[in-house]
Engineer: 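Here it is, the structure in full.
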Amino acid sequence: MVSELTVADATNRIYESLQADNADIDLHIAALKAALTREGLKEALFDPARLVQNNRYGRKLMQAYFRQRGVTVKYSA
């Protein structure tokens with residue numbers, strides 16, 4: 001069962017998971033997807049400065065992985 005998190009809470013948990021070598025990342029992605037649906041949003045916004053691998057390859061890999069799980073990822077400028 002996915003808890004009732006806000007998009008901001010779910011996003012923060014994903015940052016923490018990325019820092020912890022992707023621990024439970026799929027659970028956090030599912031929670032984020034549910035939060036996006038509840039809040040009527042179409043995509044998740046991430047700060048590239050908070051990513052472990054903040055280069056083009058890392059960002060594209062993250063987008064592809066999340067897209068496979070039904071979440072569209074965008075990055076803040």
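Note that this is a predicted model, so its numbers are computed, not measured.
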Engineer: When rounded to the nearest 0.5 angstrom, what is the spacing between CZ in Arg13 and CG in Leu5?
Structural biologist: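 Output value for this atom pair is 4.5 Å.
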Engineer: Can Asn54 and Arg59 be said to form a side-chain contact (heavy atoms from CB on, under 4.5 Å), step by step?
Structural biologist: CA-CA 6 Å; Asn54 181 21; Arg59 291 188 306 268; 3.0 Å; yes
Engineer: Is there side-chain contact between Lys74 and Thr72, with heavy atoms separated by less than 4.5 Å?
Structural biologist: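 Yes, their side chains come closer than 4.5 Å.
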Engineer: Does Arg50 reach the side chain of Asn12, with side-chain heavy atoms less than 4.5 Å apart?
Structural biologist: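 Yes - at least one pair of side-chain heavy atoms lies under 4.5 Å apart.
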Engineer: Which residues satisfy the ring-ring contact (aromatic ring centres under 6.0 Å, His included) test with Tyr65, sequence neighbours excluded?
Structural biologist: none
Engineer: Report the distance from atom CG of Asp24 to atom CD1 of Ile14, rounding to the nearest 0.5 Å.
Structural biologist: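 Nearest 0.5 Å value for the CG-CD1 distance: 11.5 Å.
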Engineer: Measure the spacing between NZ of Lys60 and CZ of Arg67 and express it to the nearest 0.5 Å.
Structural biologist: 8.0 Å
Engineer: Do Leu41 and Val73 land in one hydrophobic cluster if side-chain heavy atoms of ILVMFWY residues count as linked below 4.5 Å?
Structural biologist: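 Result: yes, single cluster for both.
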Engineer: Grab the two heavy atoms, one from Ala23 and one from His28, that are nearest each other, plus how far apart they are.
Structural biologist: O-CD2, 3.8 Å
Engineer: Would you say Val71 ends up clustered with Val52 if hydrophobic residues are merged whenever their side chains have heavy atoms under 4.5 Å apart, either directly or through other cluster members?
Structural biologist: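 Hydrophobic grouping puts Val52 with Val71.
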Engineer: Around atom CG of Asp21, are there more than 12 heavy atoms from other residues, nucleotides or ligands closer than 6.0 Å?
Structural biologist: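 Open: at most 12 neighbouring heavy atoms sit under 6.0 Å from CG of Asp21.
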Engineer: Once rounded to the nearest 0.5 Å, what's the spacing between atom NZ of Lys42 and atom OG1 of Thr37?
Structural biologist: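 Interatomic distance, Lys42 NZ to Thr37 OG1, rounded to 0.5 Å: 8.5 Å.
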Engineer: Between Leu45 and Tyr75, which heavy-atom pair has the shortest distance, and what is it?
Structural biologist: CD1-C, 3.6 Å
Engineer: I want to check something: taking the side chain as every heavy atom from C-beta on, are Arg69 and Asp26 in contact at a cut-off of under 4.5 Å?
Structural biologist: yes
Engineer: Got a second to check how far Leu27's CG is from Ser17's OG, nearest 0.5 Å?
Structural biologist: 9.0 Å
